[in-house]
Amino acid sequence: MIKLFSLKQQKKDGDRDVSGGTKRQSAAQLRIQKDINELNLPKTCQVDFPDPNDLLNFKLIISPDEEFYKGGRFMFSFKVGPGYPHDPPKVKCETMVYHPNIDLEGNVCLNILREDWKPVLTINSIVYGLQYLFLEPNPDDPLNKEAAEVLRSNRRMFEQNVNKSMRGGYVGSVYFERCLK
């Protein structure tokens with residue numbers, strides 16, 4: 001019993017910050033720490049923490065190695081709010097991409113980031129969901145309706161538009177920065 005109490009006291013002492021106050025981690029911080037420790041990234045993905053002390057804001061880079069987007073490099077920003085894991089993180093694509101499920105402002109149409117989010121889902125689930133969007137774009141649930149229509153009606157033209165956009169160039173009246181690695 002004595003050891004249990006001394007452990008609790010050590011924990012309390014360790015939780016004090018320099019000013020003598022108590023620093024407590026929020027539920028979101030605890031859960032994101034767990035999610036990050038358990039990340040199992042595919043070889044086509046990497047995570048970057050611009051501020052190593054802020055686990056609630058980070059970047060994910062996806063570099064697909066097959067299908068339409070092979071050779072591209074796409075950056076996503078993650079902002080994990082205080083309601084996590086009950087609320088999904090805010091995810092934006094920072095790389096302008098010609099994709100039916102990602103609009104030109106970087107909004108991402110992925111069901112687990114919206115209506116199908118559940119607290120049991122993790123950052124790992126989102127990473128795999130985003131990676132899957134590059135392997136299997138879904139023209140039936142589009143944010144970029146024009147890209148979705150081209151994918152539905154002319155797969156070859158869609159592939160040409162993707163290649164043109166990734167090399168850096170215009171698709172219609174929209175200019176895309178080069179994103180090939």
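Note: hydrogens, waters and symmetry copies are ignored here, and every other heavy atom, side chains too, is used.
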So which heavy atom on [X] is nearest to which on [Y], and how close?
| X | Y | result |
| --- | --- | --- |
| Pro139 | Pro100 | CA-CB, 4.4 Å |
| Pro64 | Gly72 | CD-O, 3.5 Å |
| Ile102 | Cys93 | CG2-CB, 3.8 Å |
| Ala28 | Gly81 | CB-O, 3.5 Å |
| Asn124 | Leu41 | OD1-N, 4.4 Å |

Decide yes or no for [X] and [Y]: does some side-chain heavy atom of the first lie under 4.5 Å from some side-chain heavy atom of the second?
| X | Y | result |
| --- | --- | --- |
| Tyr84 | Arg31 | yes |
| Pro137 | Leu151 | yes |
| Val108 | Leu133 | yes |
| Leu180 | Arg73 | no |
| Val174 | Met96 | yes |
| Glu66 | Leu135 | yes |
| Ile32 | Pro89 | no |

Sequence neighbours excluded, the answer for ring pair (Phe, Tyr, Trp, His ring centres under 6.0 Å) partners of Phe74 is Tyr69, Phe134
task: Please assess Val47 against Leu39 for the test side chain to side chain contact (heavy atoms under 4.5 Å, CB included), listing each intermediate value before the final yes or no.
output: CA-CA 10 Å; Val47 176; Leu39 264 181; 3.8 Å; yes
For Glu149, the side chain to side chain donor-acceptor pair (under 3.5 Å) test, sequence neighbours excluded, returns Arg152
Can you name the side chain to side chain donor-acceptor pair (under 3.5 Å) partners of Lys43, sequence neighbours left out?
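Checked Lys43 against side chain to side chain donor-acceptor pair (under 3.5 Å); matches are Asp65.
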Going through the checks in order, is the salt bridge (Lys or Arg N to Asp or Glu O under 4.0 Å) test met by Glu38 and Lys34?
CA-CA 6 Å; Glu38 294 174 355; Lys34 179 182 185 297; 3.2 Å; yes
Measuring from atom [atom1] of [X] to atom [atom2] of [Y], what distance do you get when rounded to the nearest 0.5 angstrom?
| X | Y | atom1 | atom2 | answer |
| --- | --- | --- | --- | --- |
| Cys179 | Arg167 | SG | CZ | 11.0 Å |
| Phe78 | Lys92 | CZ | NZ | 13.5 Å |
| Leu55 | Gln33 | CG | CD | 6.0 Å |
| Arg178 | Thr95 | CZ | OG1 | 13.5 Å |
| Tyr128 | Thr122 | OH | OG1 | 10.0 Å |
| Met157 | Lys164 | CE | NZ | 7.0 Å |

**Request:** List the steps, then state whether side chain to side chain contact (heavy atoms under 4.5 Å, CB included) holds for Gln29 with Leu56.
**Result:** CA-CA 7 Å; Gln29 289 169 317; Leu56 299 177; 4.0 Å; yes
Please tell me whether Leu121 and Val80 are part of a single hydrophobic cluster in this structure, the criterion being side-chain heavy atoms less than 4.5 Å apart. yes
Original post:
Going by atom types only, do Gln131 and Thr44 share a side-chain donor-acceptor pair under 3.5 Å?
Top reply: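 Yes, Thr44 and Gln131 have a side-chain donor paired with an acceptor closer than 3.5 Å.
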Can you establish whether the number of heavy atoms outside [X] located under 6.0 Å from its atom [atom1] is more than 12?
| X | atom1 | answer |
| --- | --- | --- |
| Lys90 | NZ | no |
| Tyr170 | OH | no |
| Gln160 | CD | yes |

Under 3.5 Å donor-acceptor, Asp103 side chain and Leu143 backbone
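Here the side-chain-to-backbone pair does not exist.
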*asked:* Can you pull out every ring pair (Phe, Tyr, Trp, His ring centres under 6.0 Å) where at least one residue sits in residues 24-51? Sequence neighbours excluded, please.
replied: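 Qualifying pairs, neighbours excluded: Phe49-Phe58.
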Q: Carefully, step by step, assess Phe158 and Tyr98 under the rule side chain to side chain contact (heavy atoms under 4.5 Å, CB included).
A: CA-CA 9 Å; Phe158 179 79; Tyr98 181 81; 3.6 Å; yes
Only distances under 3.5 Å count here; give the side-chain donor-acceptor pairs of residues 110-117 to other protein atoms, sequence neighbours excluded, each with its distance to 0.1 Å.
from	atom 1	to	atom 2	distance (Å)
Asn111	ND2	Asp116	OD2	2.8
Arg114	NH2	Asp141	OD2	3.3
Trp117	NE1	Pro85	O	2.9

Working for side chain to side chain contact (heavy atoms under 4.5 Å, CB included), residues Val127 and Leu60: CA-CA 8 Å; Val127 169; Leu60 169 73; 4.0 Å; yes
Side chain to side chain contact (heavy atoms under 4.5 Å, CB included) filter on Pro82, not counting sequence neighbours, yields none
### Message
I'd like to know if Lys59 pairs up with Glu94 as an ion pair, taking the criterion as any Lys NZ or Arg NE/NH1/NH2 lying under 4.0 Å from an Asp or Glu carboxylate oxygen.
### Response
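Salt bridge flag = yes for Glu94 with Lys59.
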